[in-house]
Amino acid sequence: MQEKLTLLDHNNPLFPNPEKALKEPAGLLAIGGNLTTATLLSAYRQGIFPWYEHGQPILWWSPDPRAVIYPEQIHISRSLKKSIKRSDCQVRTNTAFSSVIELCSALRSNSLSGTWITHEMKRAYIALHREGHAHSVEIWQDNTLVGGLYGVLIGRVFCGESMFSLVKDTSKMALVTLAEIMCQQGEPCLIDCQISNDHLLSMGATTIPRAAFLDQLQALKDEPFDGNFGHNSPVGLN
């Protein structure tokens, strides 16, 4: 058990073993470092992600347990099926990544809990997107972006970062679409949800021990992903 937080070098951050994360605050592993593409990819490949608020130093986490969704086990309720069937929305991917992250940030900034999606974080993930590592799933209605999510793809693991909804059920539609894209692979894939909440649990998320998550990440992080993030079609269920 780690007695104190690991301080990362700004120019050459080397992450400790995720199993050394603190129990209180639960999952906090390290502080400092930077948000370059190389550092972020190194972190995600080890089951670590940044999560901090404006005015704080960069904080790195690896929670135990870990919330995940197995794409083939996505849960679509009767009401959501009806909502999708009646929808006049269109799903697109990677056409408005910056807008998705801006809306995720803006909606959380107006909430009581605030947002961890700082200006520094936005720049970092937009850079990841430009280099082909981060992706957005977008729900459009009358050419207006009304829902979506974004995250980082590591091999066959999609590390979900945030989602938003301006119209009822549109964030759920984005998550269903993501699961469909992952299932196109025809091979084992995983959606990392990081931390559990009621919304994710209602969609089929489950929690597994950190050690189990790290084992699955190790098995999938270098596997090629052949799914289609060039999706552009009416919202629907396959």
Side-chain angles (χ1 to χ4, degrees), residues 49 66-97 99-105 107-108 117 125 129 133-208 213 216-217 220 223 225-238:
F49 59 88
R66 191 78 164 222
V68 301
I69 293 177
Y70 298 98
E72 68 278 7
Q73 297 177 15
I74 191 80
H75 176 69
I76 307 171
S77 66
R78 287 185 180 180
S79 61
L80 180 56
K81 286 181 181 179
K82 290 180 181 179
S83 183
I84 292 173
K85 186 175 181 180
R86 296 169 181 167
S87 175
D88 61 351
C89 291
Q90 184 185 56
V91 58
R92 306 174 190 170
T93 58
N94 289 335
T95 68
F97 185 92
S99 296
V100 170
I101 195 169
E102 285 289 352
L103 284 164
C104 286
S105 174
L107 292 177
R108 279 160 179 75
I117 309 173
Y125 284 84
H129 171 66
H133 303 293
H135 302 276
S136 61
V137 178
E138 309 143 14
I139 306 299
W140 295 78
Q141 187 176 58
D142 297 327
N143 286 320
T144 298
L145 183 60
V146 295
L149 59 81
Y150 74 96
V152 180
L153 188 65
I154 302 294
R156 293 182 188 163
V157 180
F158 187 91
C159 306
E161 278 297 311
S162 187
M163 60 176 62
F164 79 97
S165 183
L166 298 179
V167 173
K168 185 175 184 283
D169 287 338
T170 50
S171 64
K172 293 181 179 179
M173 292 177 187
L175 187 54
V176 169
T177 300
L178 173 63
E180 290 181 346
I181 291 171
M182 301 299 285
C183 285
Q184 289 172 4
Q185 175 73 36
E187 299 286 347
C189 291
L190 188 66
I191 299 173
D192 172 25
C193 301
Q194 300 177 348
I195 298 173
S196 177
N197 60 41
D198 290 342
H199 176 74
L200 293 170
L201 291 173
S202 73
M203 296 294 293
T206 186
T207 55
I208 60 176
F213 170 77
Q216 293 177 41
L217 175 64
L220 296 172
E223 293 297 315
F225 180 78
D226 297 324
N228 181 15
F229 271 101
H231 200 66
N232 189 345
S233 67
V235 169
L237 297 174
N238 292 335

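Residues: numbered from 1 along the sequence shown.
Inspection of the Ser196 and Thr207 side chains reveals no N or O donor paired with an N or O acceptor under 3.5 Å. In this structure, a donor-acceptor pair under 3.5 Å is absent between the side chains of Asp226 and Gln184. Donor-acceptor pairing under 3.5 Å is recorded for the side chains of Glu161 and Gln194.
Here the shortest heavy-atom pairing between Ser99 and Leu145 reads CB-CD2, 3.7 Å. Phe164 and Cys104 get closest at one heavy-atom pair: CD2-SG, 3.9 Å. Contact between Ala67 and Asp192 at its shortest, heavy atoms only, is O-OD1, 3.5 Å. Considering every non-hydrogen atom in both Ile139 and Met173, the closest pair reads CD1-CB, 4.0 Å. Between Arg156 and Glu223, the shortest heavy-atom contact is NE-CB, 3.5 Å. Gly148 and Val100 make their closest contact through C-CG1, 4.4 Å (heavy atoms, listed as atom of the first residue, atom of the second, distance).
Side chain of Asp169 to main chain of Lys172: no donor-acceptor pair is present (N/O by atom type, distance under 3.5 Å, no hydrogens or angles).
The closest side-chain heavy-atom distance from Ser162 to Tyr150 is below 4.5 Å. Side-chain contact check for Val152 versus Tyr125: some heavy-atom pair is nearer than 4.5 Å. Residues Leu80 and Met203 are in side-chain contact: their nearest non-hydrogen atoms beyond the backbone lie under 4.5 Å apart. With contacts defined as side-chain heavy-atom distances shorter than 4.5 Å, the pair Val146/Trp140 does not qualify. Within the 4.5 Å cutoff, the side chain of Ile208 has heavy atoms near those of the Gln216 side chain. Counting only heavy atoms from C-beta outward, the side chains of Glu72 and Met182 never approach each other to under 4.5 Å. Counting only heavy atoms from C-beta outward, the side chains of Pro71 and Ile191 approach each other to under 4.5 Å. Residues Leu175 and Ile69 form a side-chain contact, since some pair of their non-hydrogen atoms from C-beta on lies under 4.5 Å apart.
To the nearest 0.5 Å, atoms CG (Asp88) and CZ (Arg86) are separated by 13.0 Å. One finds the OG atom of Ser87 at 15.5 Å from the NZ atom of Lys82 (value rounded to the nearest 0.5 Å). If you take CD1 on Ile181 and SG on Cys189, they are separated by 11.5 Å, rounding to the nearest 0.5 Å. Rounding to the nearest 0.5 Å gives a distance of 10.0 Å between SG of Cys193 and CZ of Arg66. Distance OG/Ser136 to CG/Leu149: 8.0 Å, rounded to 0.5 Å. Taken from CG in Leu107 to CG in Leu166, the straight-line distance is 5.5 Å, to the nearest 0.5 Å.
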Checking side chain to side chain contact (heavy atoms under 4.5 Å, CB included) for the pair Leu153/His133: CA distance, chi angles, key distance, verdict? CA-CA 6 Å; Leu153 188 65; His133 303 293; over 6 Å; no
Could you go through the side chain to side chain contact (heavy atoms under 4.5 Å, CB included) check for His199 and Ser171 one step at a time? CA-CA 10 Å; His199 176 74; Ser171 64; 3.7 Å; yes
Let's go through Thr206 and Tyr70 carefully: what are the C-alpha distance in whole Å and the side-chain angles of both, what is the deciding distance for side chain to side chain contact (heavy atoms under 4.5 Å, CB included) to 0.1 Å, and is it a yes or a no? CA-CA 9 Å; Thr206 186; Tyr70 298 98; 4.0 Å; yes
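Shown here is Asp198, whose CG atom has no more than 12 heavy atoms of other residues, nucleotides or ligands within 6.0 Å.
Partner of Glu138 under the side-chain hydrogen bond (donor to acceptor under 3.5 Å, both in side chains) criterion, out of Thr177, Thr93, Thr95: Thr95 alone.
Taking the six-membered ring where tryptophan is involved, the planes of His129 and His135 are perpendicular, since the angle between them exceeds 60° and thus also 30°.
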